[in-house]
Amino acid sequence: MISKKFMGLAIAGLLAAGTVAALAQEFVAPATPEEAVTMRQNLMKEDGGILRSAGNLTGAEAVAAMTKLRDNYSHIPALFPEGSIVGESEALPAIWENFEAFTAIADAGVAAAESGIAAAEAGDAAAYAAAIQTLGGTCGQCHQQFRS
């Protein structure tokens, strides 16, 4: 017979999982150019913070950080709809003049984050560090070419 304590813990776990799932939101593309600027600035700040601390992470924390970076990088092209140089945007028109090169950098970031996930899961500190370095390089590459 299942104890009441075990049943209570099982139910609490299921409720917590449901709460986490409900809090996890799917990416929704920006509706306006102003929203695009705000969303991409927030994403870039978040990525910078993650990358600054990622070298100190291991195990599940490292996997979570790389997963967040992968997800963020995958959303970058959608955060740059044509005509979204408004307000405090630092985006250059070169983004849309060479959108293929721009998205290639984002794709390289996704690939590097996926490598980081695999490395973190395997406990391979050298490969994890290399993924962090590659991700940082994609930031610099993009900013040099596409940011004022």
Side-chain angles (χ1 to χ4, degrees), residues 2 5-81 84-85 87-92 94-96 98-148:
I2 299 175
K5 185 176 183 177
F6 178 78
M7 184 62 83
L9 288 173
I11 291 171
L14 290 171
L15 289 173
T19 301
V20 170
L23 293 175
Q25 298 178 6
E26 299 247 352
F27 175 77
V28 176
T32 65
E34 293 80 12
E35 187 178 24
V37 171
T38 299
M39 288 175 70
R40 65 189 181 224
Q41 288 174 343
N42 290 338
L43 181 140
M44 302 296 171
K45 287 176 187 173
E46 180 178 42
D47 286 355
I50 293 170
L51 283 169
R52 280 188 290 282
S53 66
N56 298 321
L57 303 176
T58 59
E61 290 178 330
V63 171
M66 286 292 161
T67 300
K68 183 63 176 171
L69 289 167
R70 181 203 57 208
D71 294 348
N72 282 355
Y73 267 80
S74 72
H75 300 313
I76 288 173
L79 295 176
F80 287 86
S84 63
I85 299 179
E88 296 184 27
S89 174
E90 296 180 28
L92 293 173
I95 291 170
W96 299 277
N98 197 355
F99 202 70
E100 187 174 304
F102 176 75
T103 58
I105 294 170
D107 291 344
V110 169
E114 288 176 347
S115 293
I117 292 167
E121 289 174 339
D124 186 339
Y128 178 72
I132 293 169
Q133 186 172 8
T134 299
L135 282 161
T138 62
C139 293
Q141 185 182 12
C142 192
H143 287 189
Q144 287 176 348
Q145 295 179 48
F146 300 113
R147 180 181 178 200
S148 61

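Heavy-atom basis, side chains included; hydrogens, waters and symmetry copies ignored.
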Assess the residue pair N42 and T38 against the criterion (side chain to side chain contact (heavy atoms under 4.5 Å, CB included)); give the C-alpha distance rounded to whole Å, side-chain angles, the decisive distance to 0.1 Å, and a yes or no.
CA-CA 6 Å; N42 290 338; T38 299; 3.7 Å; yes
How are the rings of H75 and F27 set relative to one another: parallel (under 30°), tilted (30 to 60°) or perpendicular (over 60°)?
parallel
Within this structure, what is the [atom1]-[atom2] distance for the pair [X] and [Y], rounded to the nearest 0.5 Å?
X    : Y    : atom1 : atom2 : value
M44  : E90  : CE    : CD    : 10.5 Å
T103 : N98  : OG1   : CG    : 8.5 Å
I95  : I85  : CD1   : CD1   : 6.5 Å
L57  : I132 : CG    : CD1   : 7.5 Å
R70  : E114 : CZ    : CD    : 6.0 Å
D47  : T138 : CG    : OG1   : 8.5 Å

Side chain to side chain contact (heavy atoms under 4.5 Å, CB included) evaluation trace for W96 with F80
CA-CA 8 Å; W96 299 277; F80 287 86; 4.1 Å; yes
For L79, is there any backbone N or O sitting under 3.5 Å from a side-chain donor or acceptor partner on R40?
yes
Between the side chain of Y73 and the main-chain N/O of L135, is any donor-acceptor distance below 3.5 Å?
yes
Let me see the working for I50 and E46 under side chain to side chain contact (heavy atoms under 4.5 Å, CB included), right down to the final yes or no.
CA-CA 6 Å; I50 293 170; E46 180 178 42; 3.9 Å; yes
Working note: Y128 + T58, criterion side chain to side chain contact (heavy atoms under 4.5 Å, CB included); need CA distance, chi angles, decisive distance, verdict.
CA-CA 9 Å; Y128 178 72; T58 59; over 6 Å; no
Any S115 side-chain heavy atom under 4.5 Å of T134 side chain:
no
Side-chain heavy atoms of L43 within contact of M39, under 4.5 Å:
no
Closest approach of S84 and V37, non-hydrogen atoms and distance?
O-CG2, 3.3 Å
If you take all heavy atoms of P81 and A36, which pair is closest and at what distance?
CD-CB, 3.8 Å
Around Q145, counting heavy atoms of other residues, nucleotides and ligands shown, do more than 12 lie under 6.0 Å from its CD?
yes
